[in-house]
Amino acid sequence: MNTLEALIHNNRQWAKSIEENHPGFFNKLVQQQNPDYLWIGCSDSRVPANEIVGLLPGELFVHRNVANVVVNTDLNCLSVLQYAVEVLQVEHIIVCGHYGCGGVKSALSNQKNGLIDNWLRNIKDVYNQYEVQFKAIKDEQQRIDLLCELNVMEQVANVCHTTIVQDAWDRGQNLDVHGWIYSIQNGLIKDLDVSVNNKDGLPAIYRTAQSHSDN
Ligand code: CO
């Protein structure tokens, strides 16, 4: 059996065991997906979204990219966000980074990697914003971990600054945005305690005015 055949074989086993444990599971999923959560995470193969929070297919809407970055011109991420918020009506958006993130590590260095450096620029901007904090830390690992955490917080803010999320709040939709970080070393998630569920805490300049249907 070659490697790809092994994957198909695994798939057959997986589908069989799901159906055994949850009879009618796939039939039900065909009808609809009804996830309560949108996950925005890193593409890193060591951070599989559903598995680490113990959720089954249908329970988590997922967007992943290198270093879990939310950029306001990224149509891909914004489209996922719009669909999750407006159509699926998720109640929680979780930005989940992870310690030891290769993208963050690379952003913290000056090495040249080609095209991806334009993507990692977003993380360099986070570093630049908090440079004073980094000046006090000599240990490389600690510097990377701090930037991993600050990057999550920054992306939580970026999610909140979108018109998609602010329009949802204006409509009175329940929507919480959370920042988490996962440790590859022990498999545990830490809540960074930066949850936001309204515009009040946002810097004034990013707040959109509430639109009125009569104008
Ligand atoms: Co990563």
Side-chain angles (χ1 to χ4, degrees), residues 37-53 60-86 88 90 92-135 137 139-166 177-185 189-192 194-196 202-203 205-206 208:
Y37 319 94
L38 165 62
W39 177 276
I40 299 176
C42 183
S43 299
D44 195 304
S45 63
R46 299 165 295 180
V47 195
N50 281 67
E51 277 175 77
I52 63 176
V53 286
L60 190 66
F61 201 61
V62 174
H63 178 74
R64 291 169 69 181
N65 61 39
V66 171
N68 42 271
V69 177
V70 176
V71 182
N72 71 326
T73 51
D74 178 4
L75 276 180
N76 182 357
C77 182
L78 292 181
S79 301
V80 169
L81 188 60
Q82 184 188 18
Y83 191 77
V85 171
E86 295 179 9
L88 299 173
V90 297
H92 301 274
I93 297 170
I94 300 157
V95 176
C96 188
H98 67 101
Y99 291 119
C101 181
V104 171
K105 191 175 168 187
S106 194
L108 200 48
S109 79
N110 294 101
Q111 73 187 68
K112 275 183 82 172
N113 307 289
L115 180 142
I116 196 171
D117 291 329
N118 296 286
W119 183 251
L120 300 178
R121 231 299 300 281
N122 295 294
I123 305 169
K124 287 181 186 285
D125 290 345
V126 180
Y127 170 85
N128 197 40
Q129 200 180 327
Y130 296 94
E131 201 179 10
V132 181
Q133 286 192 45
F134 285 94
K135 283 261 189 313
I137 304 172
D139 182 71
E140 187 61 13
Q141 203 52 51
Q142 277 183 30
R143 288 164 62 83
I144 295 167
D145 287 350
L146 175 62
L147 191 53
C148 287
E149 290 183 355
L150 292 172
N151 181 46
V152 169
M153 296 178 198
E154 191 67 16
Q155 306 317 324
V156 166
N158 286 342
V159 170
C160 296
H161 298 164
T162 62
T163 52
I164 299 161
V165 167
Q166 295 197 37
V177 186
H178 312 272
W180 290 359
I181 192 150
Y182 173 80
S183 168
I184 289 170
Q185 283 183 338
I189 287 168
K190 182 167 100 184
D191 186 346
L192 290 174
V194 290
S195 300
V196 188
L202 306 186
I205 191 71
Y206 293 112
T208 57

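Please read these numbers as outputs of a predicted model, since none were measured by experiment.
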Could you state the interatomic distance from CG (Leu147) to NZ (Lys124), rounded to the nearest 0.5 Å? 9.5 Å
Within the structure provided, determine whether Gln133 and Leu146 are in side-chain contact (heavy-atom separation under 4.5 Å). yes
Distance-only, no hydrogens or angles: does the Arg64 side chain make a donor-acceptor pair with backbone N or O of Trp39 under 3.5 Å? no
Are any of the side-chain heavy atoms of Val53 and Tyr37 separated by less than 4.5 Å? no
Taking all non-hydrogen atoms of both residues, which atom of Val196 and which atom of Cys160 are closest, and how far apart? CB-SG, 3.8 Å
Polar side-chain atom of Glu154 near backbone of Val126 as donor-acceptor pair, under 3.5 Å: no
Acceptor/donor pairs from residues 67-77 side chains to any protein atom, 3.5 angstrom cut, sequence neighbours excluded:
from: Asp74; atom 1: OD1; to: Asn76; atom 2: N; distance (Å): 3.1
from: Asp74; atom 1: OD1; to: Cys77; atom 2: N; distance (Å): 3.4

Not counting sequence neighbours, which residues clear ring pair (Phe, Tyr, Trp, His ring centres under 6.0 Å) with Tyr206? List them please. His161
Which atom of Arg46 lies closest to which atom of Gly100, heavy atoms considered: NH2-O, 4.0 Å
Cut-off 3.5 Å, side chains only: do Asp125 and Gln129 have a donor facing an acceptor? no
Any side-chain heavy atom of Val85 sitting closer than 4.5 Å to one from Leu38? no
Just how far is it from atom CD1 of Ile181 to atom CD of Glu149, taken to the nearest 0.5 Å? 5.0 Å
Taken to the nearest 0.5 Å, the spacing of Ile93 CD1 from Phe61 CZ works out to 11.5 Å
I'd like to know whether CD of Glu51 has more than 12 heavy-atom contacts from other residues, nucleotides or ligands below 6.0 angstrom. no
In terms of heavy-atom contacts, Cys148 and His98 come closest through SG-O, 3.4 Å
Taking only residues two or more places apart in sequence or in another chain, which ones pass ring pair (Phe, Tyr, Trp, His ring centres under 6.0 Å) with Tyr182? none
Is the count of non-hydrogen atoms from other residues, nucleotides or ligands lying under 6.0 Å from Asn118 atom CG greater than 12? yes
Can you tell if the side chain of Lys190 reaches within under 4.5 Å of the side chain of Tyr99, non-hydrogen atoms only? yes
Please output the side-chain donor-acceptor pairs of residues 102-109 that fall under 3.5 Å, not counting sequence neighbours, one pair per line with the distance.
from: Ser106; atom 1: OG; to: Asn113; atom 2: ND2; distance (Å): 2.9
from: Ser109; atom 1: OG; to: Ser106; atom 2: O; distance (Å): 2.9
from: Ser109; atom 1: OG; to: Gln111; atom 2: N; distance (Å): 3.2
from: Ser109; atom 1: OG; to: Gln111; atom 2: OE1; distance (Å): 3.4

Reported CE-to-CG distance for the pair Met153 and Leu192, which is rounded to 0.5 angstrom: 4.5 Å
Residues forming a side chain to side chain contact (heavy atoms under 4.5 Å, CB included) with Asp139, sequence neighbours excluded: Gln141, Gln142
To the nearest 0.5 Å, tell me how far Thr208 OG1 sits from Ile164 CD1. 11.5 Å
Nearest heavy-atom pair of Val159 and Thr162: which atoms, and what distance? O-OG1, 2.7 Å
Partners meeting side chain to side chain contact (heavy atoms under 4.5 Å, CB included) with Asn50 (sequence neighbours left out): Leu55, Leu60, Val62
Presence of salt bridge, Asp117 and Arg121, under 4.0 angstrom: no
With a 4.5 Å cut-off on side-chain heavy atoms, are Ile40 and Val80 touching? no
